[in-house]
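Below: the structure, in structure tokens.
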Amino acid sequence: MNDIMNLFSLNGKNAVVTGANTGLGQGICVALAAAGAHVFGVARRSCDETAAKIAAEGGQFTEVRADLSDFAAIDSILEQVHAHADRIDILVNNAGIIKRCDAIDVTPENWDAVDFLNEKMVFFLSQAVAKQWVADKKGGKIINIASMLSFQGGIRVPAYTSSKSAVMGMTKALAREIGSRGITVNCVAPGFIDTDMTRVLSDEQKDHLQAQIPLGRLGSVDDIAQSCLFLASDAGAYITGVTLHVNGGMYMG
Ligand code: NAP
């Protein structure tokens, strides 16, 4: 077997991570950089905090400014990355939004905004990167951030739930269709993780959730980041089309 540390090494790899300025995206950037990758963090605002965390550990990070609610972001991201790197080796589609609203009140505008960012951009950014991988025949790894709600359904988040189920479906479709080109496509499906997205929950709601988690706590950013590192590294080389539950056992389906 390969040296165990080398299995997780991303030395010499270039990784693009969306939603890099905060939350899970920031943690994923830090983890991939700690494993040796040059991380290109995509965000619509400053990634100074992420850059500082990575610099403190001697890692490599380049900020890529793009607003993923605009389709033009795809070409812009590729252009900005290729100004510094020959190729992308890893793509983590992490950026996402949630709009809470009773199902009976959801508007088409609400639905489209969530769907565009969480689903359509995930597919078309993946497509753009995969096109390069098919052309250069060197393969690559895509990791999408789905959700426990991809399986469970969520209350007051119908567009979000739908988009995250779609992410899981497109992961399988891509994994099956382009696996022969040396490309793996997987999802990480977080449960309830302590980030801005869940900070809006009341203490009462959090206590209620925690009581349903066999491991007895909300997840941390590191819990998700380490799962992404596994799938991005050679340690996960023979895994594709999978959605990895990272939820403390709250959902085991
Ligand atoms: P977060 O703290 O709200 O981060 C979301 C990220 O997406 C931010 O960087 C945000 O940038 C970015 N983003 C949103 N709209 C964008 C746009 N138009 N262009 C570029 N970037 C945009 O949430 P998080 O918890 O870290 O979530 C990260 C991913 O994990 C999401 O896909 C989410 O659905 C998924 N997830 C989270 C949990 C959880 O419990 N936290 C559970 C399951 C799945 P701004 O700061 O500029 O808005």
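Since the structure is predicted, the reported quantities are computational estimates derived from the model, not experimental observations. Counting starts at 1 for both ligands and their atoms, following the listed order.
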Residues Val16, Val64; criterion side-chain contact (heavy atoms from CB on, under 4.5 Å); working and verdict
CA-CA 9 Å; Val16 172; Val64 171; over 6 Å; no
With nothing but distance in play, are any N or O atoms of [X] less than 3.5 Å from an N or O of ligand 1?
{"X": "Ala43", "value": "no"}
{"X": "Asp67", "value": "yes"}
{"X": "Ser147", "value": "no"}

Does a side chain donor of either [X] or [Y] reach within less than 3.5 Å of an acceptor in the other side chain?
{"X": "Ser220", "Y": "Asp222", "value": "no"}
{"X": "Gln212", "Y": "His208", "value": "yes"}
{"X": "His84", "Y": "Gln60", "value": "no"}

Using heavy atoms and a 4.0 Å limit, tell me yes or no: is Ala146 in contact with ligand 1?
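Yes, that is the case, since the closest heavy atom of the residue is under 4.0 Å from the ligand.
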[atom]: which protein heavy atom is closest, and how many Å away?
{"atom": "atom 25 (O) of ligand 1", "value": "Thr195 OG1, 2.5 Å"}
{"atom": "atom 48 (O) of ligand 1", "value": "Arg44 NH2, 2.7 Å"}
{"atom": "atom 47 (O) of ligand 1", "value": "Arg45 NE, 2.6 Å"}
{"atom": "atom 38 (C) of ligand 1", "value": "Gly191 O, 4.0 Å"}
{"atom": "atom 6 (C) of ligand 1", "value": "Gly19 CA, 4.1 Å"}
{"atom": "atom 4 (O) of ligand 1", "value": "Thr22 CG2, 3.8 Å"}
{"atom": "atom 27 (O) of ligand 1", "value": "Met197 CE, 4.0 Å"}
{"atom": "atom 10 (C) of ligand 1", "value": "Asn21 OD1, 4.2 Å"}

Which of the numbered atoms in ligand 1 are under 4.0 angstrom from any heavy atom belonging to [X]?
{"X": "Lys164", "result": "31 (C), 32 (O), 33 (C), 34 (O)"}
{"X": "Ile97", "result": "14 (C), 15 (N)"}
{"X": "Ile145", "result": "29 (C), 30 (O), 35 (C)"}
{"X": "Phe192", "result": "40 (O)"}
{"X": "Ile193", "result": "39 (C), 40 (O), 41 (N)"}
{"X": "Tyr160", "result": "33 (C), 34 (O), 35 (C), 36 (N), 43 (C), 44 (C)"}

Does any N or O in the side chain of Asp102 come within less than 3.5 Å of the main-chain N or O of Ile104, such that one atom is a donor and the other an acceptor?
no
Proximity winner for atom 19 (N) of ligand 1, if only heavy atoms of Thr18, Asp70, Asp194, Leu68 are counted
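When every heavy atom of Thr18, Asp70, Asp194, Leu68 is considered, Leu68 comes closest to atom 19 (N) of ligand 1.
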From Asn247, Val157, Asn94 - option closest to atom 31 (C) of ligand 1 by heavy atom:
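The nearest heavy atom belongs to Asn94.
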If you count the non-hydrogen atoms of other residues, nucleotides and ligands that lie under 6.0 Å from [atom1] in [X], is the total more than 12?
{"X": "Glu49", "atom1": "CD", "result": "no"}
{"X": "Lys206", "atom1": "NZ", "result": "yes"}
{"X": "Asn11", "atom1": "CG", "result": "yes"}
{"X": "Gln127", "atom1": "CD", "result": "yes"}
{"X": "Arg176", "atom1": "CZ", "result": "no"}
{"X": "Arg156", "atom1": "CZ", "result": "yes"}
{"X": "Asp105", "atom1": "CG", "result": "yes"}

Under a 4.0 Å heavy-atom limit, does [X] contact ligand 1 with its side chain, its backbone, both, or neither?
{"X": "Ala73", "value": "neither"}
{"X": "Asn118", "value": "neither"}
{"X": "Ala189", "value": "neither"}
{"X": "Leu24", "value": "both"}

Given Asn144, Ile28, Thr18, Leu24, the one that forms side-chain contact (heavy atoms from CB on, under 4.5 Å) with Val92
Ile28
Are Leu7 and Leu231 connected in the hydrophobic side-chain network, where two residues link if heavy atoms are under 4.5 Å apart?
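Yes, same cluster.
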